[in-house]
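Below is one structure; the comments refer to it alone.
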2 protein chains.
Amino acid sequence: MPYELAGRSSQKHRTRTALVTAARDLVRQGVTPTVEETAAAAAVSRTTAYRYFPNKRALLLAAHPEIAATSMLPANPPEDPAARLDAVVANFSAMILDTEAQQRTMLRLSLEAEAAERDALPLRQGRAIAWIAEALDGVRGELSEKQFGQLVLSIRATIGIEAIVWLVDVAGISRNDAVALTRWSAQALLQRARTVAPPTPSRSSKQGRPSNASLDRISNTPAATRPTRP
Amino acid sequence: MPYELAGRSSQKHRTRTALVTAARDLVRQGVTPTVEETAAAAAVSRTTAYRYFPNKRALLLAAHPEIAATSMLPANPPEDPAARLDAVVANFSAMILDTEAQQRTMLRLSLEAEAAERDALPLRQGRAIAWIAEALDGVRGELSEKQFGQLVLSIRATIGIEAIVWLVDVAGISRNDAVALTRWSAQALLQRARTVAPPTPSRSSKQGRPSNASLDRISNTPAATRPTRP
DNA sequence: GTCATCGTGGTACTTGAGTCCCACAAGGCC
DNA sequence: GGCCTTGTGGGACTCAAGTACCACGATGAC
C-alpha cells in the first residue's frame, strides 16, 4: 500500500495537496523551484516533501497544470469537421501558450526519465487526444478505427508544445506564426486522411508507406543507399 | 577575445577537441556523463573542462552528433517531389533513430536554457531544413518564397525528434509506427501546400487562417468563447 | 641558459539533490 | 489522565555542479 493511503490518510492528503499546490504556483511563475523552496512554500519540511515524492522531478510532475476542460469546442460548434478541428487547434494552441512556461517545464521533466522508467510511468498524458477526437467525430465513419486513431495521433504530434518549441526556439519564428503553421498543418492532415488513409500500424515490415504507387520504390530503398555518417 | 583563441591556440584546440570527443563518445552510449567523467575520459582535469565550457550543459551541447551528410537523397534521386520528400523523410528518420539517445539528450539540454539565453544562442540547428528544401526543389516554383519556407518548417516540425518522442513515449506506439506516421504526415503537408498555400507569416493579426471560407468565423472566435481553465 | 607568461592540475568551498536516522508532537485508544 | 502509533521536523551525510585560488610545469622571448 502506498504511503499516502495508509494510516491518517486525510492528514496526508492535506500535506500532499499543499506540496502540489505550492509547486504548481512556483512552476506557473516560470521558475524551477528547489525542493526546499517548494517545501517552504507549502509550510512543510524538506524531509516531508521527500516522503511524498521520491525526487524533485516527481514533485514537479505532480504539479502539471490542471486543465479541467473536457472539450475545446466553442459553445455552438460548427458541423464541418475541418472547422471543428480548426477551432479545437486554435483553442488548444492558445491554452498551450497561456501556460507555456509550465508546458516547457513538463516537457523537459518528461525527457529526464531514464529509458527504463519511461515505459512504466504514464507521463504527461493530456486530454488533447480526446479533444481532437471529439472535433473529428464527423469523419469517424470515413475511416477505420485504426486509421482514425492514427490521424488523431498525427495531428496531436503536429500541434503540440514540442512543435511550438521547435518552431519558436530553433526556427526562430514568432509564436503567432508557429500557431498559424500548426493550424494549417492540422488541416492538411485531415484533408489528406479523407483522401488517403493514414498508415495502418504494424501489420507488416512494409507498413507505413503512403499508398501512392510512385512512392513504393522509395519506401523499399535499402539502407545501403542511404547517406552514411562518418 | 574568447579564451580559446588567445595565446597558445593550437594547444587549446587539442584540449577542446579532446573534451568534445570524449563527451560525444559518452553521450553516444546513452548516458549523461558528469563533468568529472567527461574530463577523465578526455584525460584533462575537471578544472580545465570548466575553463572551456561554462557548465555541463554547454559541454554536452558541443558534443552534438556530427552529421556530415549534405544531402538525404539516395544516389539516383527520383524526380517526383513527393517521392523525393519521402526518401528524405525516411532517411532522416532512420538517422534520428540511429542516434536517438543523443537526440534526446540534446533536446533536453536545449530545454534547460533560460528564456533569456534561448534568444541568444543558436542551439540545435541541424541540417534538416536544407535536406527538406532540397527534396522539394521541384515545387519551389509553385509557391512564393515565404510559402515555400513555411512548408519546409511545417514538415520539419512534424518529422523531428520532438514528434517521435511524443509518439513513442506518450502515445505509446512503436518507433516503426511513429516513423510511418511522420512520413505520411509529411506527404500530407506537401499535398496540401500544392493545393492551398501555407499561411504567410506576420502580415496582419489575422494571418494564418486556412484559406477556407467556412473557417473564418472560427478563427475569429473571441477568447471569451474558449473553454476556460479554473 | 634565464625569466615571465600561460595552460593546467589540485584543493577547498558553496549549493542543491537525495538518503538515513532519531527526536518530538499530535492523533487515537483505554 | 497515560500510552502507543504515526506523521513530521531536523540534523548529518554523500554526491555532483559550479566557483575561487594557488602552485606547478611547459612554452616562448631574450
Side-chain angles (χ1 to χ4, degrees), chain A residues 1-23 26-27 29 31-63 105 108-114 116-117 121, chain B residues 1-23 26-27 29 31-63 105 108-114 116-117 121:
Chain A
M1 168 152 12
Y3 174 75
E4 300 165 42
L5 296 181
R8 296 183 266 213
S9 56
S10 64
Q11 177 178 2
K12 291 183 188 172
H13 184 262
R14 282 196 304 274
T15 304
R16 184 184 212 278
T17 301
L19 280 167
V20 172
T21 303
L26 291 169
V27 171
Q29 297 166 23
V31 301
T32 302
T34 68
V35 176
E36 189 146 28
E37 286 169 349
T38 310
V44 301
S45 76
R46 198 174 69 102
T47 306
T48 297
Y50 277 107
R51 279 200 186 87
Y52 285 82
F53 301 95
N55 48 48
K56 172 179 158 177
R57 186 174 150 267
L59 170 55
L60 295 184
L61 277 173
T105 300
R108 177 167 47 79
L109 292 175
S110 73
L111 285 166
E112 282 172 12
E114 292 301 317
E117 56 180 307
L121 296 211
Chain B
M1 172 157 4
Y3 174 75
E4 300 165 43
L5 295 181
R8 291 176 244 182
S9 56
S10 64
Q11 177 179 0
K12 291 184 189 171
H13 184 262
R14 283 196 305 274
T15 304
R16 184 183 211 278
T17 302
L19 279 168
V20 171
T21 303
L26 291 170
V27 171
Q29 297 166 23
V31 301
T32 302
T34 68
V35 176
E36 188 146 29
E37 286 168 349
T38 310
V44 301
S45 76
R46 199 174 69 101
T47 306
T48 297
Y50 276 107
R51 280 200 187 88
Y52 284 81
F53 301 95
N55 49 47
K56 172 178 158 177
R57 185 175 151 267
L59 171 55
L60 295 184
L61 277 174
T105 300
R108 177 167 47 78
L109 292 174
S110 73
L111 286 166
E112 283 171 11
E114 292 302 318
E117 56 181 308
L121 295 212

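These values consider heavy atoms only, across backbone and side chains, with no hydrogens, waters or symmetry-generated copies. Throughout, protein chains are lettered first and strands after them, A, B, ... in sequence-line order, and every chain is numbered starting at 1.
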| said: In whole Å, I'd like the distance from the NZ atom of Lys56(B) to the C1' atom of dT19(D). | reply: 17 Å

| request: Whole angstrom is fine here: how far is it from CZ in Phe53(A) over to C1' in dA17(C)? | output: 16 Å

| Under-4.0 Å side-chain N/O to phosphate OP1/OP2 contact, Tyr52(B) with dG7(C) | no

| message | Whole angstroms only, please: what is the NZ-C1' distance between Lys12(B) and dC6(C)? | response | 8 Å

| First of Thr47(A) and Pro33(A) reached from the 5' end of DNA chain C, by closest nucleotide | Pro33(A)

| message | Apply side chain to side chain contact (heavy atoms under 4.5 Å, CB included) to residues Thr38(A) and Lys56(A) and explain how you reach the verdict. | response | CA-CA 10 Å; Thr38(A) 310; Lys56(A) 172 179 158 177; over 6 Å; no

| message | Quiz question: by atom type and distance under 3.5 Å, do the side chains of Thr15(B) and Arg51(B) form a donor-acceptor pair? | response | no

| query | Rounding to a whole Å, what distance do you find between His13(B):NE2 and dT8(C):C1'? | reply | 18 Å

| With no angle test and no hydrogens, is the base of dG16(C) tied to the side chain of Arg46(A) by a donor-acceptor pair under 3.5 Å? | no

| task | Name all residues meeting the side-chain contact (heavy atoms from CB on, under 4.5 Å) criterion together with Ala49(A); count only those two or more places apart in sequence or in a different chain, and write none if there are none. | result | Leu19(A), Val35(A), Ala39(A)

| Just how far, in rounded Å, is C1' of dA16(D) from CG of Leu60(B)? | 13 Å

| message | If you apply the rule side chain to side chain contact (heavy atoms under 4.5 Å, CB included), what do you find for Thr105(A) with Arg108(A), and how did you get there? | response | CA-CA 5 Å; Thr105(A) 300; Arg108(A) 177 167 47 79; 3.8 Å; yes

| query | Do Thr48(B) and dG9(C) have a side chain to base donor-acceptor pair shorter than 3.5 Å? | reply | no

| said: Closest-nucleotide mapping onto DNA chain D: is Glu37(B) or Val44(A) further toward the 5' terminus? I mean the 5' end. | reply: Val44(A)

| task | Tell me which nucleotide among dG7(D), dG18(C), dT8(C) gets nearest to the side chain of Asn55(A). | result | dG18(C)

| said: Does Thr34(B) reach a base, just sugar-phosphate, or nothing at all? Heavy atoms under 4.0 Å. | reply: sugar-phosphate

| remark: Separation of dG16(C) atom C1' from Arg57(A) atom CZ, nearest Å, is 18 Å

| Looking only at N and O atoms, is any donor in the side chain of Arg14(A) or the base of dG7(D) less than 3.5 Å from an acceptor on the other one? | no

| field | By side-chain contact (heavy atoms from CB on, under 4.5 Å) - contacts of Ala41(B) (at least two apart) | value | Ala22(B), Leu26(B)

| Residue-phosphate contact under 4.0 Å: Tyr50(A) side-chain N/O, dC20(C) OP1/OP2 | no

| query | Side-chain donor or acceptor of Arg51(A) under 3.5 Å from a matching atom on the base of dG9(D)? | reply | yes

